[in-house]
Amino acid sequence: MSEHYYSKKPQTESKPRHWTFNLLGHEFRFETDAGVFSKSEVDFGSRTLIESFVLPEVDGVVMDIGCGYGPIGLAIAKEHPERTIYMMDVNERAIALAQKNAQTNGIQNVRIFESDGVSAVEEDVNAAAILTNPPIRAGKETIFRFYDGAYEKLVSNGELWVVIQKKQGAPSTVAHLEEKFTEVEVVEKKKGYWIIKAKK
Ligand SMILES: C[S@@+](CC[C@H](N)C(=O)[O-])C[C@H]1O[C@@H](n2cnc3c(N)ncnc32)[C@H](O)[C@@H]1O
């Protein structure tokens, strides 16, 4: 049976890898594994999202939906030690790696847990910003659910930041976000990847 990186319980034999990567001027040491998205370097789209992101000046936590082994959430956590970063994924192996990677890199201002979209986040927790490199292969319905869930969790003037390739549906993401959000802007386009910012 073929397996996707978004399986809840990857069955693929574990094959841990260790490597370092510089994000926002900080050297990170990452462990990744089979059955988890992007195994040997930080995905180009995630990197572009991290480099483009500007934290809006509103109160609230920051969330990384579909955090994988953690590069986006951990880079933002390091850059903004005063904020708490919530990192969620459905893949148990990814969550275990993200927790390990937080520890290895001495990052404490994070909460990392299993969640389908934002469904496991406490009701009274609201976000200033939500970042996602969405699981394209999980299908449009899942990623539109990410966006709609994100909208509910954001404070007024809070922002959703998405990276998605043009050929993988960036224009339809923009159209979907424009139905709900007050302002939607493509802030960066690099090698076919679009960084989309949607303000509530
Ligand atoms: C494109 S990967 C990005 C991973 C990571 N943020 C990175 O930059 O390497 C998308 C992630 O979404 C996760 N995912 C898939 N369906 C999900 C769902 N329903 N809720 C939360 N996460 C999900 C996958 O397991 C995968 O880790």
Backbone N or O of Ser115 within a donor-acceptor pair of the Ser119 side chain at under 3.5 Å? no

Just grab all the side chain to side chain donor-acceptor pair (under 3.5 Å) pairs involving residues 50-62, residues at least two apart or on different chains. none

Cut-off 3.5 Å, no hydrogens considered: what does the side-chain donor-acceptor table look like for residues 21-31, sequence neighbours left out?
| from | atom 1 | to | atom 2 | distance (Å) |
| --- | --- | --- | --- | --- |
| Asn22 | OD1 | Gly25 | N | 3.1 |
| Asn22 | ND2 | Glu27 | OE1 | 3.4 |
| His26 | NE2 | Glu79 | OE1 | 3.2 |
| Glu31 | OE1 | His18 | NE2 | 3.0 |
| Glu31 | OE1 | Lys100 | NZ | 3.3 |
| Glu31 | OE2 | Lys100 | NZ | 3.2 |

Is Val58 linked to Ile76 within one hydrophobic cluster, defined over Ile, Leu, Val, Met, Phe, Trp and Tyr using a side-chain heavy-atom separation of less than 4.5 Å? no

Parallel, tilted or perpendicular: which one describes the rings of Tyr147 and His176, with boundaries at 30° and 60°? tilted

Which side-chain N or O atoms in residues 183-200 pair as donor and acceptor under 3.5 Å with protein atoms at least two apart or in another chain?
| from | atom 1 | to | atom 2 | distance (Å) |
| --- | --- | --- | --- | --- |
| Tyr193 | OH | Gln165 | NE2 | 3.4 |
| Lys200 | NZ | Tyr151 | O | 2.8 |
| Lys200 | NZ | Leu154 | O | 3.0 |

Give, for atom CD of Glu179 and atom CZ of Phe144, the distance between the pair rounded to the nearest 0.5 Å. 8.0 Å

Is Phe181 reachable from Val155 through a run of hydrophobic residues whose side-chain heavy atoms are each under 4.5 Å from the next? no

Would you say that more than 12 heavy atoms from the other residues, nucleotides or ligands in this model lie under 6.0 Å from the CD of Gln103, or not? no

What's the verdict on side-chain contact (heavy atoms from CB on, under 4.5 Å) for Met87 and Asn101, showing C-alpha distance, side-chain angles and the deciding distance? CA-CA 12 Å; Met87 298 167 55; Asn101 288 330; over 6 Å; no

Does anything in residues 12-24 pair up under salt bridge (charged side-chain N to carboxylate O under 4.0 Å, His left out), and if so which pairs, sequence neighbours excluded? none

So if you build clusters from Ile, Leu, Val, Met, Phe, Trp, Tyr with side-chain heavy-atom gaps below 4.5 Å, do Ile50 and Phe44 land together? yes

Any donor and acceptor pair, going by atom type alone, linking the side chain of Asn91 with main-chain N or O of Val36 inside 3.5 Å? no

Here the pair of heavy atoms bringing Ala102 nearest to Val110 is CB-CG2, 3.9 Å

Do the non-hydrogen side-chain atoms of Tyr86 and Glu122 ever get within less than 4.5 Å of each other? yes

Here the gap from Cys67 atom SG to Gln99 atom CD, rounded to the nearest 0.5 Å, amounts to 9.0 Å

For Tyr69, run the side chain to side chain contact (heavy atoms under 4.5 Å, CB included) check against Val42, Asp89, Leu74, Ile95 and tell me which one passes. Val42

I need the single residue from Val118, Ile85, Leu160, Thr84 that forms a side chain to side chain contact (heavy atoms under 4.5 Å, CB included) with Met63. Which is it? Val118

Just how far is it from atom CG of Asn109 to atom CZ of Arg83, taken to the nearest 0.5 Å? 11.0 Å

Could you walk me through whether Arg93 and Thr12 satisfy the side-chain contact (heavy atoms from CB on, under 4.5 Å) test, starting with their C-alpha distance in whole Å, then the side-chain angles of each, then the deciding distance to 0.1 Å, before giving a yes or no? CA-CA 11 Å; Arg93 193 177 280 179; Thr12 330; 4.3 Å; yes

Distance-only donor-acceptor hits, side chain of residues 123-134, under 3.5 Å, sequence neighbours excluded:
| from | atom 1 | to | atom 2 | distance (Å) |
| --- | --- | --- | --- | --- |
| Asn126 | ND2 | Lys153 | O | 3.3 |
| Thr132 | OG1 | Ile65 | O | 2.8 |
| Asn133 | ND2 | Asp43 | OD2 | 3.0 |
| Asn133 | ND2 | Ser46 | OG | 2.8 |

The side-chain contact (heavy atoms from CB on, under 4.5 Å) partners of Arg145 (sequence neighbours excluded) come to Asp116, Thr142

Taking C-beta and beyond as the side chain, do Pro135 and Ile143 meet within less than 4.5 Å on heavy atoms? yes

Roughly how far, to the nearest 0.5 Å, is CG of Leu97 from OG1 of Thr32? 7.0 Å

